[in-house]
Amino acid sequence: MQGKLLVISGLSAAGKGTVAKALVEKFDNYVLSISATTRERRGSEVDGVDYFFISRDDFKKRIDGGDFLEYAEYVGNFYGTPKSFVIEKLNAGINVILEIEMQGALKVKKVYDEAVLVFFLPKSAKVQKERLINRKRDDESQIKKRIQQAIIDAEYAKHYDYILVNDDLEDSIKDMQKIVNGTYDKSKNIESMKILDKIVSDIREEQNV
Ligand code: 5GP
């Protein structure tokens with residue numbers, strides 16, 4: 001049995017990273033793909049754990065060598081998914097999680113139609129803002145930018161197979177397992193889309209955009 005390729009994206013502070021980490025820690029049939037990037041390493045990040053930090057030259061060579069399943073430029077830096085790791089794990093029956101931005105996600109779907117695209121949302125604009133403030137990673141102007149970015153990112157949700165509202169970690173883990181074994185009720189996407197519309201309209205109202 002082939003593993004499933006799970007591509008997860010979502011609004012800022014939707015908590016997708018936490019869900020991915022929990023799946024990998026809880027079950028031995030999930031693994032996270034480690035991307036290559038040309039961006040600088042941040043504080044506590046470890047090479048080979050968080051990313052493979054490589055130079056632009058190396059990145060270009062790897063593009064030419066066909067090493068990436070997909071790659072994208074994002075705020076001035078390159079990010080790519082190493083192909084061989086993904087193929088090896090899928091062939092071994094392990095589900096591979098890619099936590100990547102939306103253009104990359106759509107590229108993956110193009111080259112690998114069996115990929116399952118999951119878009120994560122926070123429960124509300126209020127929860128998103130609280131999470132962004134509480135995680136203390138960004139200053140006020142960066143938080144504002146991330147919130148505004150959500151209006152643009154929301155446009156991509158319709159291209160995803162599943163839209164999950166990440167309100168409770170355990171529920172999200174169960175939802176992901178149902179998605180993997182094909183028992184998730186897809187009609188729930190309609191409810192999630194309504195929540196996404198409300199988030200976008202609340203952001204627009206608060207930020208006057
Ligand atoms: P950050 O620099 O904050 O770690 O990541 C910036 C964005 O790049 C995030 O949305 C992250 O999900 C995305 N990203 C990380 N790795 C990859 C990758 O291999 N390919 C693509 N397309 N995006 C990635």
Side-chain angles (χ1 to χ4, degrees), residues 5-24 30-56 58-90 95-112 115-122 128 131-132 135-139 141-157 159-160 162-164 166 172 176 196:
L5 183 57
L6 302 162
V7 185
I8 66 171
S9 316
L11 300 191
S12 192
K16 60 186 187 301
T18 309
V19 176
K21 224 175 122 207
L23 283 167
V24 172
Y30 289 86
V31 71
L32 255 170
S33 157
I34 302 168
S35 297
T37 183
T38 62
R39 90 146 156 73
E40 290 289 313
R41 197 171 63 80
R42 289 189 201 124
S44 63
E45 287 178 334
V46 178
D47 186 32
V49 176
D50 298 286
Y51 283 106
F52 295 106
F53 295 96
I54 63 174
S55 68
R56 280 181 170 254
D58 281 349
F59 200 96
K60 286 198 181 108
K61 278 184 201 142
R62 293 188 57 179
I63 294 173
D64 295 340
D67 286 3
F68 294 126
L69 182 64
E70 62 74 39
Y71 69 92
E73 194 177 359
Y74 184 85
V75 252
N77 295 302
F78 286 98
Y79 297 83
T81 305
K83 200 194 288 180
S84 56
F85 177 85
V86 172
I87 291 171
E88 181 196 313
K89 295 295 174 190
L90 292 179
N95 304 309
V96 181
I97 305 172
L98 308 185
E99 194 191 328
I100 62 178
E101 52 71 56
M102 291 140 202
Q103 291 166 48
L106 299 186
K107 282 187 208 160
V108 171
K109 189 81 181 179
K110 262 194 188 151
V111 296
Y112 187 73
V116 179
L117 270 50
V118 186
F119 193 98
F120 279 86
L121 308 179
Q128 182 194 35
R131 282 191 190 153
L132 284 167
R135 71 184 188 181
K136 297 190 172 75
R137 232 188 274 164
D138 305 290
D139 63 29
S141 81
Q142 282 166 323
I143 288 177
K144 201 169 173 202
K145 268 189 210 152
R146 282 187 182 273
I147 291 173
Q148 278 181 356
Q149 181 66 32
I151 298 174
I152 298 161
D153 292 346
E155 286 295 316
Y156 284 88
H159 301 295
Y160 280 63
Y162 300 96
I163 304 158
L164 293 188
N166 180 28
S172 295
M176 287 299 287
L196 179 59

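Computed from a predicted structure; not experimentally measured. Hydrogens, waters and symmetry mates play no part in the numbers below; they use all other heavy atoms, side chains included. Atoms within a ligand are numbered from 1 in the order they appear, just like the ligands themselves.
Closest approach of Y160 and V7 over heavy atoms only: CE2-O, 4.5 Å. What you find for Q128 and P122 is that their closest heavy atoms are CB-CG, 3.7 Å. Considering every non-hydrogen atom in both I54 and A36, the closest pair reads CD1-CB, 4.0 Å.
Of the candidates Y51, F53, F68, F68 is the only one forming a ring-ring contact (aromatic ring centres under 6.0 Å, His included) with F59.
A salt bridge links R39 to E45: at least one charged side-chain nitrogen sits closer than 4.0 Å to a carboxylate oxygen.
Side chain of K89 to backbone of N95: no donor-acceptor contact under 3.5 angstrom is found.
Sorted by chain then number, the residues whose non-hydrogen atoms approach ligand 1 to under 4.0 Å are S35, R39, R42, Y51, E70, A72, Y74, Y79, G80, T81, E99, I100, E101, G104.
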